Colleague: 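For reference, the structure I am asking about is given below.
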Amino acid sequence: CTLEQLMEYIKGPDFPTGGIIIGRAGIRAAYATGRGKIILRSRTHFEEINGRNCIIIDEIPFMLRKERLLKSINQLAKDKRIEGLYDLRDESEKDGMRVVIERKKDAMPEIVLNKLFALTQLQDSIGIIMLALVNGEPKILTLKQMLQHYLDFQVDVIQRRTRFDLKKALERAHILQGFVLAADYIDEVIAIIRSSATVQEAKERMIERFKDVDMSALLDRAQYDLSGLHIEDQQGLSEEQAEAIVQMRLGQLTGLERQKITDELYGLLTKISDFEDILADVNRVYQIIIEDLDKIRKKFSDERRTSIENVSGEVDIEDLIPQEECVVTLTNNGYIKRMPLTEYKTQHRGGRGITGMKQREEDFVEEMFICGSHDNILFISNKGIMYKLKCYEVPDGSKASRGFNLINLLPLTENEKIAAMIKTTDFNDDKFITMVTKNGKIKRTNLSLYKNVRKNGLIAIGLDEGDEIAVVRMTDGNAQ
């Protein structure tokens, strides 16, 4: 069968803590190659409490501790990396999880939730590696290969189990045939045992006495249908049968009931025939595997806890952000803020101006420009590392505030500060980033190469020890 047919039944991982798997591409990659990565998201819903539209967390990703999550959200709110939170409380009980995030009335719940997904482990990536021991060697398997190896293993287990059961049944049936003879000749058997000086003598005399008895013919008097059953064709008592008879106490010998013995023997012969049929037909083995799995399913199955949703249903945060012109300001000490352009009113002759930013005496504005709320802002640090934020990701500030420290927005290391801030709407090939260092090193790179900048930054230029970025400009390739 094909992978698509298998995935109709094995849809994807099911975690005990529930959650939502976003997209099927990672599952398909894992099943097709043995390696993949899935995005596991918390299950949430919106609920109105005391006039506020709250975010309710019902399920969290597997292995995530709730206490750690709450601490992370509190720290993000304290650092102003997530705005619009009014209250956070845990209302979980024994019946289930319930974490309530109250938002401020002017905050859009979808935006707050998407920021929580981006900045916390409410949404987490989980790697899949389908590793198994095959003939004692670790191997990465596809879904089909893993199922085939499991099936082969189960076939081997059932055949080994059946051979063991068959061996025990044959041994017991052989002894029971001796008991049938003992029951038919009980008086002679007791007399031989009583008159013998030792156990070994009793065994030898019984074997000699009954050496001409057809053991299989003893069953003819039983009212059973023996056609098709495996009956051991034996003449006389064997060593094992004689040993079993002499080891019985006198009370057991005299109490032998032929009907009970033949009933047990007939049942064993039926089992022996079934065991031999299983070993001869692999389809019988497959049927046993199906029956065993069906028993497990009936005993342990429950409703699926982790749902799988297509990516097409995912809400893009940019669709929720209004397009507007903003003024972005960065100070020498690393404080940044964003304000709508409408806050700056046009003044005529004699106007007194307005305060654009409150700052400390030793601080001053280093960069200031107008850009759209959906534009990209590139930050180049003095160590040559480039970071990227969307304009709307810069916290909104008032005219009187000094803004937010960039260390709360970017993963800056010790003694690292932003040397330049550049805006761009797109990453076209006709634009370039030109960088000059304090030691006179210059580099020009196509802007399109910086389209995908990781969260922890991208090395834009390699610097010698003691060198730093001095100036960064965006050029069109023709500027002088």
Side-chain angles (χ1 to χ4, degrees), residues 80-84 104 106-119 314-331 334-347 353-357 365-381 385-406 408-410 418-435 445-455 457-458 460 471-479:
K80 304 295 184 182
R81 296 186 67 184
I82 294 181
E83 296 180 308
K104 296 178 182 178
D106 58 343
M108 295 184 67
E110 292 86 359
I111 295 177
V112 174
L113 182 58
N114 275 276
K115 284 188 176 180
L116 287 169
F117 286 148
L119 299 176
E314 191 174 8
V315 177
D316 189 350
I317 188 172
E318 284 200 13
D319 296 335
L320 305 172
I321 303 293
Q323 295 259 13
E324 62 177 353
E325 295 292 301
C326 302
V327 177
V328 179
T329 309
L330 176 66
T331 72
Y335 287 89
I336 189 171
K337 74 173 181 178
R338 168 178 59 90
M339 289 177 58
L341 184 59
T342 54
E343 293 288 329
Y344 296 87
K345 299 177 181 178
T346 303
Q347 296 188 6
I354 61 173
T355 301
M357 172 178 269
V365 175
E366 193 170 78
E367 297 276 359
M368 183 176 183
F369 52 66
I370 298 173
C371 66
S373 56
H374 287 202
D375 288 352
N376 300 282
I377 301 178
L378 303 178
F379 300 88
I380 300 91
S381 74
I385 309 297
M386 177 179 288
Y387 305 94
K388 185 175 74 170
L389 289 177
K390 286 288 189 177
C391 178
Y392 60 75
E393 292 180 310
V394 176
D396 195 7
S398 64
K399 289 183 289 187
S401 67
R402 66 176 177 177
F404 301 87
N405 199 315
L406 271 174
N408 295 321
L409 299 176
L410 303 175
I418 298 303
M421 181 174 71
I422 296 175
K423 66 169 183 174
T424 180
T425 304
D426 50 44
F427 291 86
N428 292 337
D429 291 334
D430 56 355
K431 296 179 181 178
F432 299 86
I433 294 290
T434 302
M435 293 166 280
T445 308
N446 197 296
L447 180 63
S448 61
L449 297 178
Y450 299 115
K451 183 176 181 179
N452 298 314
V453 178
R454 300 182 297 270
K455 287 185 178 181
L458 177 72
V471 180
V472 181
R473 292 287 184 268
M474 182 180 292
T475 62
D476 58 6
N478 299 315

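Given the structure is predicted, the values throughout are model-derived calculations rather than measurements.
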Colleague: Look up atom CG in Asp426 and atom CG in Leu447, then write down how far apart they are to the nearest 0.5 Å.
Modeller: 7.5 Å
Colleague: Say whether, by atom type as modelled, one donor and one acceptor occur between the side chain of Lys388 and the main chain of Lys451 under 3.5 angstrom.
Modeller: yes
Colleague: Rounded to the nearest 0.5 Å, what separation is found between the CZ atom of Phe369 and the CD1 atom of Ile377?
Modeller: 4.5 Å
Colleague: If I take atom CG from residue Leu378 and atom OH from residue Tyr387, how far apart are they, to the nearest 0.5 angstrom?
Modeller: 13.0 Å
Colleague: In Å, rounded to the nearest 0.5 Å, how long is the span from CZ of Phe404 to NZ of Lys337?
Modeller: 9.5 Å
Colleague: If we only count heavy atoms from C-beta on, is the Phe379 to Val453 side-chain gap below 4.5 Å?
Modeller: no
Colleague: Measure across Gly372 and Glu325 and return the closest heavy-atom pair with its distance rounded to 0.1 Å.
Modeller: CA-OE2, 4.0 Å
Colleague: Determine whether Leu406 and Leu330 make a side-chain contact, defined as any pair of heavy atoms from C-beta on separated by less than 4.5 Å.
Modeller: yes
Colleague: If only atom types and distance count, is the side chain of Arg338 paired as donor or acceptor with the main-chain N or O of Cys326 below 3.5 Å?
Modeller: no
Colleague: Under a 3.5 Å distance rule, please check whether Asn446 uses its side chain to pair with a backbone N or O of Ser448 as donor and acceptor.
Modeller: yes
Colleague: Measure from the side-chain N and O atoms of Lys423 to the backbone N and O of Ile370, and report whether any donor-acceptor pair falls under 3.5 Å.
Modeller: yes
Colleague: Go through it in stages, so that I can follow the logic: the residues are Ile433 and Leu449, the test is side-chain contact (heavy atoms from CB on, under 4.5 Å), and I'd like the CA-CA distance, side-chain angles, deciding distance and then a yes or no.
Modeller: CA-CA 10 Å; Ile433 294 290; Leu449 297 178; over 6 Å; no
Colleague: Do Thr445 and Met435 have side-chain heavy atoms sitting under 4.5 Å apart?
Modeller: yes
Colleague: Check whether the side chains of Asn376 and Thr424 place a donor and an acceptor atom closer than 3.5 Å, and report yes or no.
Modeller: no
Colleague: Step by step, would you call Asp375 with Lys390 a side-chain contact (heavy atoms from CB on, under 4.5 Å)?
Modeller: CA-CA 6 Å; Asp375 288 352; Lys390 286 288 189 177; over 6 Å; no
Colleague: Rounded to the nearest 0.5 Å, how far apart are NZ of Lys431 and OH of Tyr450?
Modeller: 15.0 Å
Colleague: At what distance, to the nearest 0.5 angstrom, does CG of Leu409 lie from CD1 of Ile336?
Modeller: 7.0 Å
Colleague: Side-chain contact test, heavy atoms from C-beta onward, threshold under 4.5 Å: evaluate it for Ile418 versus Glu367 and give yes or no.
Modeller: no
Colleague: Using every non-hydrogen atom in the two residues, find where Ala420 and Val472 come nearest and quote the distance to one decimal.
Modeller: CB-CB, 3.6 Å
Colleague: Would you call Glu324 and Leu341 a side-chain contact if the rule is heavy atoms closer than 4.5 Å?
Modeller: no
